[in-house]
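As a basis for the values below, the full set of heavy atoms in this structure was taken, side chains included, without hydrogen atoms, waters or symmetry mates. Residues: numbered from 1 along the sequence shown.
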Amino acid sequence: AMAKIAAALPGHIAGVQADVDAVRASGLPVTVVWGEKDAVAQPDRAKIDALGDFVEIEGAGHIPHVEAAKAVNRLLKERLGPRTWPRESG
């Protein structure tokens, strides 16, 4: 299983880089949210700072939107401002 994961990584990384390039080209504001205690991946601050803002969620690990959902939601509300979001029907 690990061999399959390792074999898929170069393609995944290339896909992520393409996404980063598209975001950079869009000119849209970007906020990267990271868990302070992420032991899986370490941020490349130089690349992130070139994209936009970097916010570290205190006490969160690799999946801050799950581990510290209230903090991430509070951040989203602050960054996005007041909005009325349509509810999905069904």
Side-chain angles (χ1 to χ4, degrees):
M2 291 304 289
K4 287 183 181 180
I5 293 170
L9 282 177
H12 174 72
I13 292 168
V16 169
Q17 185 60 51
D19 292 341
V20 168
D21 293 342
V23 168
R24 184 177 292 126
S26 76
L28 295 171
V30 174
T31 299
V32 175
V33 179
W34 209 276
E36 169 195 36
K37 296 182 178 183
D38 189 338
V40 177
Q42 298 303 310
D44 183 336
R45 289 299 302 273
K47 289 182 181 178
I48 292 170
D49 289 343
L51 270 181
D53 296 330
F54 177 85
V55 177
E56 208 168 53
I57 302 296
E58 185 177 336
H62 188 62
I63 45 175
H65 59 285
V66 173
E67 299 165 346
K70 288 182 181 180
V72 172
N73 287 339
R74 189 170 36 255
L75 173 68
L76 289 172
K77 287 179 182 178
E78 289 170 6
R79 297 292 171 120
L80 296 174
R83 298 217 188 327
T84 302
W85 299 98
R87 292 188 181 265
E88 290 185 28
S89 60

Sequence neighbours excluded - salt bridge (Lys or Arg N to Asp or Glu O under 4.0 Å) pairs with any residue from residues 52-61
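Those involving residues 52-61 are D53-R79.
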Which ILVMFWY residues can you reach from I63 by hopping between side chains whose heavy atoms are under 4.5 Å apart?
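V66, all in the cluster of I63.
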Enumerate the side chain to side chain donor-acceptor pair (under 3.5 Å) contacts for residues 61-78, please, sequence neighbours excluded, ordered by first and then second residue.
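Qualifying pairs, neighbours excluded: D38-H62.
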Give the minimum heavy-atom separation between G35 and P64, together with the two atoms involved.
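Shortest heavy-atom contact: N-CG, 3.8 Å.
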